[in-house]
Amino acid sequence: MQKIINKMSEKPVRVRFAPSPTGPLHIGGVRTALYNYLFAKKNNGTFIIRIEDTDQTRFVSGAQDYIMDALNWCGIIPTEGPGIGGEYGPYVQSERKDMYRPYAEQLVANDKAYYAFDTPEELDEMRDRAKAMNMPNWQYNSVTRTSMKNSLSLPADEVKRRLENGDPYVIRIKMPRNFDVRFEDLIRGWVTVNTNNLDDKVLFKSDGMPTYHLANIVDDHTMAISHVIRGEEWLPSAPMHIMLYEAFGWEAPRFAHLPLLLRPDGNGKLSKRDGDRLGFPVFPCDWHTAEGELYSGYREKGYLPEAFINMLAFLGWNPGTTQEIFSMKELEEVFTLERVSKGGAKFDPEKTKWFQQQHLKAVSDDQLADLLINQYGAKVDKTSLTKIVHLMKERAIFPQDILTEGVYLLERPTEIDASSIEKKWKDDSASLLNGWLEKLASISEFSAHSIEEVFKAYIAERNVGIGAVMFLFRLLVTGHGAGPSMFEISEFLGKQEVIERLKWGLTTVESMKK
RNA sequence: GGCCCAUUCGUCUAGUGGUUAGGACGUAAGAUUUUCAUUCUUAAAACAGGAGUUCGAUUCUCCUAUGGGCUGCCA
């Protein structure tokens, strides 16, 4: 009974993914979005997108559209967000600009924050000087603030004068001294930090915008966010965020800090340069920079969104069973934060391909044919294409492989590899193939099965092995040394076409021999 | 440097105070297949190190090492 009551009094699950539009979203960000989304779905909650664009100097045109487009391709669909709407909008921080200052002022009034007039140049100077004295981390904190220019150290009338004068200022949090901040991370357990290690972070900038720290707390609170699921890089500032909630007198949401995605070689956080350097995409979709550079994406490489998502889900999470192939729907049912691992995960491009292959196999021939027509511009009738898909699917990783590797099903070969002929063409080859040509011409029902019957009878009759005829038959008809069953291929091409190709092949080889 | 976080096969990971430490990718060998791919079988491959607690630690505690993150009027 107690449990039921607790459950009923729990707040509804509302989570947000809060990217900054400073460039394309990389796969680490997509994974964070995915875990938020899955957590929301699993708990009948709401998944929200909020754009954190409080740094006007880092704004990148097109980035926000990219983020929304990429998430959409992934199937990570928000219930509330920019362009979608919702009760708690607007969902872009620059559009919420006016609401932050009163909150910052409120903290100053309550002695939880203060005005600081030090210029960026003065602060740089301070840090440089400290560094020169072998103190690499000078901080604006409870001991140093007394010797800086702020509303705590300056006389009240001067503060008033500066404010009225319109002097530029920032608002900093007044971090208390020697206090243990404790919070329970849903993935890592209890984390404790003493406030002596925390500095007086800027909450409100001199340009009239809040910093991430303030905006994040105000928005999470006003948007009724229940769980903050974000990357591990935020763990060090989480205690400060807890202090802010406390300063406002608000209940803090639950926190979960996700392990980082590491690069496949060596160590370190996966970065956008790693992709091109190591030959795999780090972005969900292609991104063209203003300078004309291209960062490649999974979508354009031919990855299926579900394969991409499946792979990402398993980078730092597992279901506790041996099942590895999941659809988005299935992930929504089994995902829990308890099964997210603590350590960083190295990204594995090889396994990514395997996920893709597995998901491709799961797509029906019919759907794949549609995909090839609609997205890859295949110019074949649907019926033939479906047959081609059926023949080629097992040896394809990407949809387009079916078209490129099965090109001979669509058009006649134009040349025959000389070195293959060199190796495989024997003295009796011409005779064997001509004999086979005659047999082919005699088949009335040109099905894979009957062709195979006739073929077997023929090699028995000529007293040779399969290899003496088959490889060359394949080479002359398809121009390739490998592929699906030649009997199936023959049936698909049809008697007339096979015979013509074989004749062409025989003449071509003859001319090569001269 | 300081603070915080992490550490099981090459990689992603399961797991327990007593297990032959399990699975997957990759690798190797073999089987199937006209070939390639698929599929199947098998193999090699891991508890970072040192103390302590304990009858017994991969598992619990501490230390060390290693790796990572943060240390901006960036997010």
Side-chain angles (χ1 to χ4, degrees), chain A residues 18-22 52-55 57-58 93 116 118-120 123-124 127 131 134-140 168-172 185 187-188 191-194 196-199 201-213 215-216 230-239 257 259-260 262 264 266-269 311 314-325 339 341-355 357 361 392-397 401 405 452 455-456 459 465-475 478 480-487:
Chain A
S20 196
T22 54
E52 309 227 323
D53 58 346
T54 51
D55 186 354
T57 65
R58 293 216 304 161
Q93 286 181 333
D118 320 270
T119 65
L123 292 172
D124 284 345
R127 291 193 181 95
K131 203 174 269 177
N134 244 329
M135 297 180 59
N137 66 327
W138 181 86
Q139 293 193 316
Y140 209 120
Y169 66 89
V170 300
I171 294 175
R172 287 180 181 273
D185 187 279
I187 293 169
R188 288 149 211 286
V191 176
T192 308
V193 178
N194 190 283
N196 288 356
N197 298 312
L198 268 25
D199 60 343
K201 279 266 180 301
V202 171
L203 302 177
F204 197 82
K205 299 185 273 187
S206 58
D207 66 358
M209 287 291 263
T211 60
Y212 166 84
H213 302 293
N216 160 53
R230 74 225 303 192
E232 188 183 332
E233 67 269 28
W234 294 108
L235 195 52
S237 49
H257 290 94
L260 258 17
L262 275 16
N267 297 101
K269 200 157 76 155
M311 173 277 290
F314 269 72
L315 239 36
W317 172 88
N318 76 85
T321 65
T322 55
Q323 185 184 348
E324 293 207 82
I325 301 303
R339 297 209 63 90
S341 39
K342 299 176 189 177
K346 276 187 188 173
F347 175 76
D348 183 353
E350 283 306 316
K351 190 143 189 185
T352 305
K353 265 190 200 157
W354 178 79
F355 274 112
Q357 195 174 24
K361 263 166 52 179
M392 300 302 300
K393 195 167 80 175
E394 281 206 336
R395 60 211 78 216
I397 294 178
D401 293 347
E405 284 169 26
E452 183 169 3
F455 181 83
K456 281 177 178 162
I459 57 169
I466 296 168
V469 184
M470 188 59 86
F471 179 80
L472 290 167
F473 176 44
R474 177 186 296 282
L475 193 64
T478 70
H480 286 239
S485 156
M486 270 314 284
F487 306 123

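Not measured: the values here are computed from a predicted model. In what follows, chains carry the letters A, B, and so on, assigned in the order in which the sequence lines appear, proteins first and then strands, with residues in each chain numbered from 1.
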Enquirer: Assign A:P259 to base, sugar-phosphate, or nothing according to its heavy-atom contacts below 4.0 angstrom with the strands shown.
Expert: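 Counting heavy atoms under 4.0 Å across all strands, no contact is made by A:P259.
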Enquirer: Please tell me which of the listed nucleotides, B:rU71, B:rG69, B:rU34, lies nearest to the side chain of A:P236?
Expert: B:rG69
Enquirer: Can you measure A:N318 atom CG to B:rG22 atom P for me and round it to whole angstrom units?
Expert: 17 Å
Enquirer: Counting side-chain heavy atoms from CB outward, which of B:rG1, B:rC4, B:rU13 is closest to A:V191?
Expert: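 The answer is B:rC4.
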Enquirer: For A:R339 and B:rA14, give me the distance from atom CZ to atom P, rounded to whole Å.
Expert: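 After rounding, the reported distance stands at 6 Å.
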Enquirer: Run the salt bridge (Lys or Arg N to Asp or Glu O under 4.0 Å) check on A:K201 and A:D199 step by step: do they pass?
Expert: CA-CA 6 Å; A:K201 279 266 180 301; A:D199 60 343; 2.8 Å; yes
Enquirer: Whole Å only: how far is the CZ atom of A:R395 from the P atom of B:rC36?
Expert: 10 Å
Enquirer: A:A482 has a side chain; which of B:rC74, B:rC36, B:rU34 sits nearest to it?
Expert: B:rC36
Enquirer: Would you indicate which nucleotide in B:rC3, B:rC5, B:rU34 comes nearest to any side-chain atom of A:R188?
Expert: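 So the nucleotide nearest the side chain must be B:rC5.
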Enquirer: Under 4.0 Å, heavy atoms only, any strand: does A:N194 hit a base, just the sugar-phosphate, or nothing?
Expert: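 No contact.
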Enquirer: Any strand is fair game: report the nucleotide pairing with B:rC73 by Watson-Crick or G-U wobble, both distances under 3.5 Å, or none.
Expert: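 Paired with no nucleotide.
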Enquirer: Please evaluate the base of B:rC70 for a donor-acceptor partner in the side chain of A:S237 within a cut-off of under 3.5 Å?
Expert: no
Enquirer: Counting side-chain heavy atoms from CB outward, which of B:rA75, B:rA14, B:rU13 is closest to A:T211?
Expert: B:rA75
Enquirer: With a cut-off of less than 4.0 Å, is there a side-chain N or O of A:K346 near OP1 or OP2 of B:rG10?
Expert: no
Enquirer: Relative to each other, are the rings of A:Y212 and A:W234 parallel, tilted or perpendicular (30° and 60° limits)?
Expert: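 The rings of A:Y212 and A:W234 lie parallel, inter-plane angle below 30°.
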Enquirer: Mind calculating the distance between CD (A:E52) and C1' (B:rC74) to the nearest angstrom?
Expert: 12 Å
Enquirer: Tell me the interatomic distance from A:K353, atom NZ, to B:rU27, atom P, rounded to whole angstroms.
Expert: 10 Å
Enquirer: Rounded to the Å, how far apart are A:K131 NZ and B:rG1 C1'?
Expert: 11 Å
Enquirer: What is the base-pairing partner of B:rA14, counting Watson-Crick and G-U wobble geometry with both distances under 3.5 Å?
Expert: none
Enquirer: Nearest whole angstrom, please: distance from the C1' of B:rG23 to the CZ of A:F314.
Expert: 11 Å
Enquirer: Indicate, with a heavy-atom threshold strictly under 4.0 Å, whether A:N197 touches base, sugar-phosphate, or nothing.
Expert: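 Contact class for A:N197: sugar-phosphate only.
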Enquirer: Going by purine N1 to pyrimidine N3 plus the second Watson-Crick contact, or the G-U wobble pair, all under 3.5 Å, which nucleotide sits opposite B:rU27?
Expert: B:rA43
Enquirer: Can you find a donor-acceptor pair, distance only, under 3.5 Å between A:S485 side chain and B:rU34 base?
Expert: yes
Enquirer: What is the distance, rounded to the nearest whole Å, between atom CD1 of A:I325 and atom P of B:rU39?
Expert: 11 Å
